[in-house]
**Q** 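Following this message is one structure expressed as structure tokens.
Values below: every heavy atom of this structure, side chains too, minus hydrogens, waters and symmetry copies.
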Amino acid sequence: MPKKALVILLIASICFACTPKKTGTAPAAAPTETPETPQNPTQAAIQPQPAPVAKPKPVRKAAKAPEQIAAEAAAAEQNRQEAEAQKAALEEQNAAAEAEAGTAEAENAAALEAEAKAAEAEKAAAVEAEAQKAAALEAAKTAAAEAKAAEAEKTQAEAEKAKAAEAEKVATLAAKVKQAEVEKAAEITKAAEIAKAAEVTRVAIEKAATTIPESPTFSVVPGAFAAPFSLALSCPTPGVKIRYTIDGTVPTDKNGLDYSGPFTVPRTSVVISVSYTKYNYVSEPSRSTYAVGEVYASESGSGHGSPESPASLADAVGMAQSLHLPVVKASVGTYTASLRITEPIRISGGWSHDYSTRSGRNTVINSSDGEKGDAQNPVSAIVLDGTRVAETVIEGLTITGGRGTYTAGILCANAASPRISDCSVSGGEGEYSYGIRVVSGSKPRIERCDVSGGTGSTNVGLSTDSSAPVIVSSSILAGAGTGITYGISATKSAVETYGSVVRGGAGASSYGVALYSGANARLWGDSIDGGSGLDSYAIFIAGSAPEIGDCILTASGEKAYGIFENYGHANPKLVKNVLAIDCKTAAYRDDDTRISFNEVDKNGNFTSTQKKKSLTTPRAAACGILSRDEAGLDDSLAPTASTSTRITTGGAEPPDVALLDRQGRKRKAPWSIGAFDAILPTESSDSE
């Protein structure tokens, strides 16, 4: 049922319900006439049929009581209010129904409009499709026309291409024919030229065979080379053969090799070659010298570095470092140079002038004059600089520092760790002069060397700062200075000495070995002399804890000490098998406690009977005190016929090293005290 009809039916029902009911008589009979038939079935359904009304009968009115009248009035008022409420509700419902009906009508209108638009769009799409179909048909016609035109063009192009190919084929054939004719003519000409040249060559060879040929030439000029290389020989004389040697001898029919092509020069060689004809006419020899893996220097050298053309020492060292040649060989003589080594090379001195053997003498290098220098960078004859010189070897040289405020024979810097062997090194004439100066983490090994501080007022045989040098079978002398002199001065350095002689000088204060600040030293099997200064110390210790074993200690100054333990907790960790000789002030002095130890007990501990104190093991054990006469040593600390058995027996080898003599040979048991194997050279022989 439509909502509008339902609303009308509801309103009619409410109005009927609100009609006041009559009392006292029966309802009248229903009218007999038939109501008019509605035109619209929906309208008939919506409009309610009126109820039949009975005809009223005459009633006799009775008088009503006031209470009844009042009650009826109240009931009528209540009915009126209820009717009005129902009417208001009905109106509200009718408004809602009308709004809903309006919304439905709007929706119906929108739907009709959407259907119209869809129909219009469908019609437009149909029109568009028809247009596209027509366009596609037109495009197909156009494509067909274009394809036909392209096919025609392709056919024409193929025809033209075939025509061109045929023309090219004809041209190529003609060119080949012409080329064949040219080549044939060229072959005839060439054959004639070859025949002519062969005849000329034959005549030249035949003529050359009866004359002395030219000498061979070399493809590589003489010089120094890092590795073996290939060498070719040639001769401008036609028809000759070449014979050569690489050992410096002249080739003959029984000596040398026939040349058949380039060959390798494997080592330093003198290559000699000759050319010869079939009638044995021989050329003058050609000679060329090559240095392979090494470069040669001589006192007056200015050449390319081969044995027959040596270079100056500075140039030879420069070539070795730039070309990575491992060896520089210097003949005996006196050189003036200041060398800086930064690459791993071996500088070997003392060679004969033909470099065939070692001469038994050192090559002398005197430092060039330099600036004033300073303690870290003294003016030096040789500077070994950096970690790459770990494989560098300096041997067979006598090295002297120059002039300046600070001078040195050799400076090791920036963690350099070379090996210096069989050398004599002096600090020169600096105000502060060092035989060898070792700084900034360097770790050189010094073997079988004689080292002197030089002639400065303050001089040091070996001075080391924050480094760790190792000295084996060497003599380390303070030098001839008149101020403070040291054999070895070590600051923050773990210096190690084995089987060596160390000696202070004759200055105001003189020290054999002075150890300062921190790093701990090892002194084993050494003869250590404090020198003859006013205050002389064989071993001076300040802020260090060295090992001292199998050592002879001497000092001969007005105040002479064997071991002087300075203030600041400078306690050796070990003193064993030590003999103090002529240390008249104290064999052992502990300056913290002001106690001098000048005796030993039955266990070999240094003692002081005056203070009733002893140095107990491990700081002192198996030690002794002797006079020089009792010891039986000469002034150089070398043994004599009367050498005490306490010096020649009873020592012990260090736990992790083997003691060697000056020639590098292992010392035989029983181990000796001191370094008497290492004969101390005199001061005047330092620069020999």
Side-chain angles (χ1 to χ4, degrees), residues 182-298 300-312 315-316 319 322-323 325 353-356:
V182 171
E183 289 178 354
K184 185 176 182 180
E187 286 178 0
I188 294 172
T189 302
K190 184 177 181 181
E193 291 176 351
I194 291 173
K196 183 178 179 180
E199 180 62 19
V200 171
T201 300
R202 186 189 67 78
V203 172
I205 290 174
E206 190 64 26
K207 182 179 179 180
T210 59
T211 59
I212 296 175
E214 297 182 62
S215 299
T217 59
F218 299 86
S219 64
V220 179
V221 298
F225 301 86
F229 63 94
S230 180
L231 178 65
L233 307 178
S234 61
C235 181
T237 302
V240 300
K241 293 184 179 180
I242 298 174
R243 196 166 177 82
Y244 70 94
T245 63
I246 63 172
D247 60 0
T249 61
V250 177
T252 66
D253 57 347
K254 295 182 179 180
N255 181 43
L257 301 170
D258 286 330
Y259 177 75
S260 59
F263 59 93
T264 298
V265 178
R267 58 187 176 275
T268 296
S269 303
V270 178
V271 181
I272 299 178
S273 65
V274 296
S275 56
Y276 60 95
T277 70
K278 66 178 181 178
Y279 298 122
N280 291 325
Y281 285 88
V282 182
S283 71
E284 289 294 323
S286 293
R287 182 186 185 95
S288 192
T289 305
Y290 303 99
V292 178
E294 52 196 13
V295 61
Y296 295 82
S298 71
S300 58
S302 60
H304 52 247
S306 70
E308 293 190 342
S309 181
S312 68
D315 287 345
M319 283 189 281
S322 63
L323 299 176
L325 301 170
H353 290 291
D354 63 359
Y355 304 98
S356 60

**Q** So, Ser215 side chain and Glu284 main chain: donor-acceptor pair closer than 3.5 Å or not?
**A**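 Pair found, side chain donor or acceptor close to backbone of Glu284.
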**Q** Examine distances only and state if a side-chain atom of Thr264 and a backbone atom of Pro266 form a donor-acceptor pair shorter than 3.5 Å.
**A**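 Looks like no, no N/O pair under 3.5 Å.
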**Q** Looking only at non-hydrogen atoms, find the nearest pair between Thr268 and Val292 and report the distance.
**A** OG1-N, 3.0 Å
**Q** Any donor and acceptor pair, going by atom type alone, linking the side chain of Tyr259 with main-chain N or O of Val274 inside 3.5 Å?
**A**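 No: the side chain of Tyr259 does not pair with the backbone of Val274.
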**Q** Taking all non-hydrogen atoms of both residues, which atom of Pro213 and which atom of Ser275 are closest, and how far apart?
**A**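 Taking every non-hydrogen atom into account, CG-O, 3.4 Å.
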**Q** Quick one: does any side-chain atom of Ser269 pair with a main-chain N or O of Val271 as donor and acceptor, under 3.5 Å?
**A**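 Side chain of Ser269 to backbone of Val271: no pair is present.
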**Q** Would you check if the side chain of Asn255 reaches a backbone N or O of Val250 as a donor-acceptor pair within less than 3.5 Å?
**A** yes
**Q** Using a 4.5 Å cut-off on heavy atoms from C-beta on, say whether the side chain of Asp354 contacts that of Pro307.
**A** no
**Q** Carefully, step by step, assess Ile246 and Phe263 under the rule side-chain contact (heavy atoms from CB on, under 4.5 Å).
**A** CA-CA 11 Å; Ile246 63 172; Phe263 59 93; 4.0 Å; yes
**Q** Which heavy-atom pair separates Pro262 from Ser230 by the least distance, and what is that distance?
**A**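 Scanning both residues, the minimum pair turns out to be CB-OG, 3.5 Å.
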**Q** So which heavy atom on Ala297 is nearest to which on Ala316, and how close?
**A**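 Closest approach of Ala297 to Ala316, heavy atoms only: CB-CB, 3.8 Å.
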**Q** Within a strict 4.5 Å, meaning less than it, do heavy atoms of the Tyr355 and Ser298 side chains meet?
**A**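 The answer is yes, as the side chains (C-beta and beyond) meet within the 4.5 Å cut-off.
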**Q** Check Thr249 against Asp247 and note the closest heavy-atom contact, atom names and distance.
**A** OG1-OD1, 2.6 Å
**Q** How long is the straight-line distance from CD1 of Ile242 back to OG of Ser234, given to the nearest 0.5 Å?
**A**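 Separation between the atoms: 6.5 Å.
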**Q** Give, for atom OG of Ser288 and atom CG of Leu231, the distance between the pair rounded to the nearest 0.5 Å.
**A** 7.0 Å
**Q** With under 30° as parallel and over 60° as perpendicular, where do the rings of Phe225 and Tyr290 fit, or are they tilted in between?
**A**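 Ring orientation, 0 to 90° scale: tilted.
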**Q** Arg243 and Tyr276: which non-hydrogen atoms are nearest, and at how many Å?
**A**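 Shortest heavy-atom separation between Arg243 and Tyr276 comes out as CB-CE2, 4.1 Å.
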**Q** Using 0.5 Å steps for rounding, measure from the NE2 atom of His304 to the CG atom of Asp315.
**A**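 If I round to the nearest 0.5 Å, the distance is 13.0 Å.
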**Q** Are side-chain heavy atoms of Pro251 and Ile272 found at a separation under 4.5 Å?
**A** yes
